[in-house]
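Report on one structure; see the data block that follows.
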Amino acid sequence: MNLASQLEQYLPPRVLELLTEISEEADRLGQKVYLVGGVVRDLLLGQANFDLDLVVEGDAVRLAQRMAGGPQTKLVTHPRFGTAKLGYGDFSLDMASARRETYASPGALPEVSPGTLSDDLSRRDFTINAMSVCLTPKDYAVLIDPYDGKGDLEHGLIRVLHSRSFIDDATRILRAVRYEQRLGFGLEAATAELLVRDISMLGTISPDRIRHELELILREEYPERAVARLGELGALYRISPYLQGNGWIAERFGRARALKGARQLPSLYLCLVAYRLNKEEGEDLIRHLNLPKSSAQVLRDALRLKGELRLLDRPSVKRSAVYRLLHDYHPAAIQANAVASDSPVACSNLELFLARLRYVRTALDGEKLMGLGIPAGPELGRVLQELHRAKLDGEVRTRGDEERLALSLKP
Ligand code: ATP
Ligand code: MG
């Protein structure tokens with residue numbers, strides 16, 4: 001099969017030209033270049049994907065070096081891994097020398113040696129990700145599909161390449177579910193059996209690698225689907241006994257997406273998945289996933305705030321009290337509570353803080369107060385605080401109001 005028309009249709013002309021230049025240069029060096037992985041899968045699905053991975057039969061670093069040098073090209077190489085990245089302003093190309101991988105023990109990183117395209121495809125996770133498109137001028141755009149990934153794409157199946165696949169690398173359990181749910185596919189029958197058989201292999205994977213795959217899931221368009229499926233398969237429990245993937249999650253993830261301006265959706269999702277935890281369980285999860293400082297802080301804040309929400313559950317609570325309670329919490333943790341809480345009153349207070357209260361500033365600052373004759377020192381701090389409180393509660397509005405209040409507070 002030849003994919004020339006799909007390449008034309010789904011890749012911008014500029015990218016196609018570049019691929020042609022690369023393959024011609026490779027040809028001069030006696031090397032062969034192929035597009036591999038996700039982009040080939042997505043071309044066959046009729047979807048654009050500018051995340052371009054190239055495999056080079058030969059030395060990818062040398063080829064990349066020959067392509068670099070243009071004014072806008074940025075080159076980063078990792079000679080030890082035989083990989084290079086060429087950056088062209090708004091997009092980049094990942095190039096890797098074809099390699100063979102062998103797994104010394106389950107879950108360990110593989111041992112790598114140079115290989116052919118066929119070796120490189122045989123180390124991959126699923127048939128639909130183990131296809132390539134030849135870019136060499138002679139066989140331009142020919143599909144190379146040793147495991148019938150195209151057939152599996154047509155039948156909507158996620159299939160591993162061999163029966164040890166999940167044992168070698170159990171992150172593939174998470175990846176299988178991610179693609180299954182993203183594409184609306186199913187696990188092929190034998191693959192499903194192997195996945196369930198090998199589910200305990202998730203225990204062989206380092207926290208960092210588990211976290212990375214979890215982050216990829218939380219970056220999907222509808223992550224709740226994969227989260228629920230992992231729950232159903234018993235995989236979520238193996239990642240951490242604290243995580244949940246039930247219907248509540250699906251409903252709240254939907255709510256989170258509907259929020260206007262919900263930035264940092266993945267970290268919001270993580271708080272929701274972990275929302276039922278108490279403080280100690282939260283700390284366990286943070287250790288278990290080796291969460292980086294910033295996400296750990298968001299999660300800690302979200303769980304701590306959960307314990308204080310009843311203070312916001314009264315319609316009469318003053319705006320300054322809402323401010324005092326919330327201003328130390330990370331905004332993403334506040335947002336998580338606004339999505340997770342069942343109290344409409346608490347939610348509207350959380351949202352009021354995020355939308356308005358956190359930005360409230362007084363017109364007068366320390367310097368202007370000193371201009372009014374208030375001496376520097378702790379008294380000045382107290383006056384500033386009182387002005388801010390009065391502004392939040394609507395007791396002062398204009399600069400004039402603030403000046404009058406400040407003078408009345410003058411010691
Ligand atoms: P996505 O659309 O999610 O980015 P992708 O196919 O580009 O999909 P990547 O995670 O970017 O996925 O990986 C690129 C390719 O590397 C995959 O298509 C797959 O062939 C291979 N790959 C990635 N992770 C593994 C793994 N754990 N085991 C085997 N092959 C893998
Ligand atoms: Mg990719």
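Counting starts at 1 for both ligands and their atoms, following the listed order.
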Exercise: identify the closest heavy-atom pair between Ser97 and Asp120:
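Result for this residue pair: O-OD2, 4.0 Å.
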
Restricting to non-hydrogen atoms, name the atom on Ile128 and the atom on Gly149 that form the minimum distance, rounded to 0.1 Å.
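Scanning both residues completely, I find the closest heavy atoms to be CG2-O, 3.8 Å.
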
Using a 4.0 Å heavy-atom threshold (strictly under), name the region of [X] that reaches ligand 1: side chain, backbone, both or neither.
| X | value |
| --- | --- |
| Arg123 | backbone |
| Tyr179 | side chain |
| Thr171 | side chain |
| Arg219 | neither |
| Asn129 | both |

Please work out which of Arg175, Met131, Arg209, Arg178 has its closest non-hydrogen atom nearest to atom 13 (O) of ligand 1.
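Among Arg175, Met131, Arg209, Arg178, the closest heavy atom to atom 13 (O) of ligand 1 comes from Arg175.
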
When you measure from [atom] to every protein heavy atom, which one gives the shortest distance, and what is it?
| atom | result |
| --- | --- |
| atom 21 (C) of ligand 1 | Arg124 NH1, 3.7 Å |
| atom 26 (C) of ligand 1 | Asp169 OD2, 3.7 Å |
| atom 28 (N) of ligand 1 | Arg172 NE, 2.9 Å |
| atom 3 (O) of ligand 1 | Arg182 NH2, 2.7 Å |
| atom 6 (O) of ligand 1 | Arg41 NH1, 3.0 Å |
| atom 11 (O) of ligand 1 | Asp51 OD2, 4.3 Å |

Nitrogen or oxygen atoms of [X] and ligand 1 under 3.5 Å apart:
| X | result |
| --- | --- |
| Asn49 | no |
| Asp53 | no |
| Asp125 | yes |
| Gly37 | no |

Determine whether more than 12 heavy atoms belonging to other residues, nucleotides or ligands lie under 6.0 Å from atom OH of Tyr237.
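Incorrect, the count does not exceed 12.
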
Do the side chains of [X] and [Y] get close enough for a salt bridge, i.e. N-O under 4.0 angstrom?
| X | Y | result |
| --- | --- | --- |
| Glu25 | Arg28 | yes |
| Arg41 | Asp152 | no |
| Glu188 | Arg159 | yes |
| Asp208 | Arg211 | yes |

Hey, what's the ring geometry for Tyr275 with Trp248, parallel, tilted or perpendicular (30° and 60° as the breaks)?
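Parallel.
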
Evaluate the ring planes of Phe353 and Tyr323, with Trp represented by its six-membered ring, and classify them as parallel (under 30°), tilted (30 to 60°) or perpendicular (over 60°).
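It falls in the tilted class, 30° to 60°.
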
Ring centres of His288 and Tyr242 under 6.0 Å apart?
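Ring centroids of His288 and Tyr242 are no less than 6.0 Å from each other.
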
Heavy-atom distance under 4.5 Å between the side chains of Arg389 and Glu395, does that happen here?
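Yes, close enough: below the 4.5 Å cut-off.
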
Please name the atom of Asp51, restricted to N, O or S, that is closest to the Mg ion (ligand 2).
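Nearest N/O/S atom of Asp51: OD2.
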
